[in-house]
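Working notes, structure below.
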Amino acid sequence: MKIANKKKISTTIRHNFVTNCLEEVLQYLIEDPGALYSCILVNRNWCRITIPILWSDPFNNIKRKNPNNANLSIRTYISCLEDSGKSTLINEFITIPNSWEEPLFDYPKYLKIFKYDHFGKMLENFVRMNYKLLIEMKTDLNKIYMIITSVIMEMIFKKSGKLITLQYIHDHISSQRIIYTLDLLLYSYNTNNIEEGRRKNSHYISLKKLTTLKFFAYCIHEESYTIIWPTFFNNLAKLAKNIQEIFIHFPSDDEIDCDLKKVYPAIVNLIKSQRNLKRLEINESHCSKMDQKIINSLILTQSNTLTNFKLNGEIKFINLIQLLENCKNLRSIHIYKLNKYGDIPKDINGLIKSSTSSLEKFCHWNPHSFFQYQTNNADYEITLTLRMISKNLKKFACNYICDDISNTVKNYCINLSHLCLFITYDTFEKISNLLPFMKNLYYLYLESSKVDIVLLKPNMLQSLSSSLPNSLKHLSLNLSISLEFLKIFLINCNINLNTLELYNIRDVNYKISVYINDYYNRNNQLKLLKLDNMLYSKFKNLYYHIHKKKIGYKIVENFKPIWFDENK
């Protein structure tokens, strides 16, 4: 502002500058509605800036203890209805109280994130709380839900031109009745307003800017798999062409495999219709032909845009190779299991075709398998993939380590900065011999099975700790080891860690703080200590005492480790 005054910049320019800065700052309070409500009361300018942020995600706070959150969001949206929408409610004997004053802002137009499942739950709570106030005569609750939802959704799709995220979650925990009722409405609404890819009216204008789709679904009703959800995806394919992130998860249940086969062709249509799809996360399709169609659709239409691909299931090795060869901008691939079935493409000399993939992250990890290292023996496929993508690879996660994989990492992937490994009694020595060669390693995550606890020896922990490279700054241990073994590990750890994460340490007592402090006093670089909820809750009083002494590292509770920006 001083510079602006010296240069005699106009008041308007200075005001706009301050406003833009304020908007940028207040965005960080989006998860703190209480703070945003306080900002509204500062002055008119603050109010005008804060309201769009506060109402960009109005159906988000269903987990909060105060039931008025649901009441406020739905009531406000009803107050924002046009006369035609209010008339529809009145004609169905739904009263709009006079105490619900006309809103100062047109709140629906600020909607950016529409959480369909949260909206359904909020609507259900709202009707229960206001039943006597709203309903003039007894009627079917499902009918009330559909009527109120129809007018609100019509308003949303008319006014919410900034909608960028659509979230749909329907699982066995959700209210089956309300979500299924909304599903039927959605199907009916889509059918009535879409004809051969053309809009009959101005509905769905809000989907033009949609960039993120999150779809996590399970339902007991067969028509959801055969009619409602295929129609949903096919209509999205016609109306939303700029989706950049798609997350689709169905349950792995053999009983619904046949029904899922009717949904996946619509998903393929959605993928093909996008102009700039960057990220696709999907669970296995339970049908090999569908797997191939999904891969083909990505190669055919998204080869220049796709950067992240995650398959929460099994993929044929031949399909993985095709992705690497054709999607040149891929940065991350995350798979759980490789299927050897299929002929691997080779050149005229009988050698595997090389790839110019720019892949930076390769994750082969199956979190659903209890004995992970016994069920993933794709050593040849992983080794071959590593050689193909080693040029730019920075992050690698694998829950199966053998000599071939270890040697390949050592010889071809020396520039790795992030490494996640599942360690066993049989692989302790392999990993201990591998780590000293990782001269650029910044992050290391190690996990072990409880089965190996009785087999581990103190010298193994000593050897592992001594093998850590000096470049390491972030260490996450999920080894299911005893406190005494952790002591051995920390005593022999001579590297300067900035962050240390500990999970599943057994037989813990107050001495854990002594061991960690001894490590800190020797290295004096530790800034952050993350502990699982059991460790944190057991010693929180002691941690408070430590903080009062102003020890130089912060202690936080962490429920589970997050592998090197797993969600990015």
Subject >> Sequence neighbours excluded - ring-ring contact (aromatic ring centres under 6.0 Å, His included) pairs with any residue from residues 33-58 >> reply: W55-Y107
Original post:
Only one of F247, F215, F119 forms a ring pair (Phe, Tyr, Trp, His ring centres under 6.0 Å) with Y168, so which one is it?
Top reply: F215
**OP:** Could you label the plane-to-plane angle of the F362 and H364 rings as parallel, tilted or perpendicular, counting under 30° as parallel and over 60° as perpendicular?
**Re:** tilted
**OP:** Using modelled atom types only, decide if a donor and an acceptor are shared between the side chain of T50 and the backbone of C47 within a distance under 3.5 Å.
**Re:** no
Original post:
Can you tell me how far CZ of R279 sits from OG1 of T307, rounded to the nearest 0.5 angstrom?
Top reply: 8.5 Å
Subject >> N43 atom CG, over 12 foreign heavy atoms within 6.0 Å >> reply: yes
Subject >> Under-4.0 Å salt bridge between E360 and R331 >> reply: yes
**OP:** Report yes or no: do Y503 and N558 form a side-chain donor-acceptor pair below 3.5 Å?
**Re:** yes
Subject >> Listed partners of F309 passing ring pair (Phe, Tyr, Trp, His ring centres under 6.0 Å), at least two apart >> reply: none
Original post:
Under 3.5 Å, is there a donor-acceptor pair linking the side chains of N242 and R275?
Top reply: yes
**OP:** Report the relative orientation of the aromatic rings in F250 and W229; use parallel for angles under 30°, tilted for 30 to 60°, perpendicular for over 60°.
**Re:** tilted
**OP:** Check whether more than 12 heavy atoms from other residues, nucleotides or ligands sit under 6.0 Å from atom NZ of K272, and answer yes or no.
**Re:** no
**OP:** For the residue pair E501 and H474, confirm or rule out a side-chain donor-acceptor distance under 3.5 Å.
**Re:** yes
Subject >> K115: salt bridge (Lys or Arg N to Asp or Glu O under 4.0 Å) partners, not counting sequence neighbours >> reply: D57
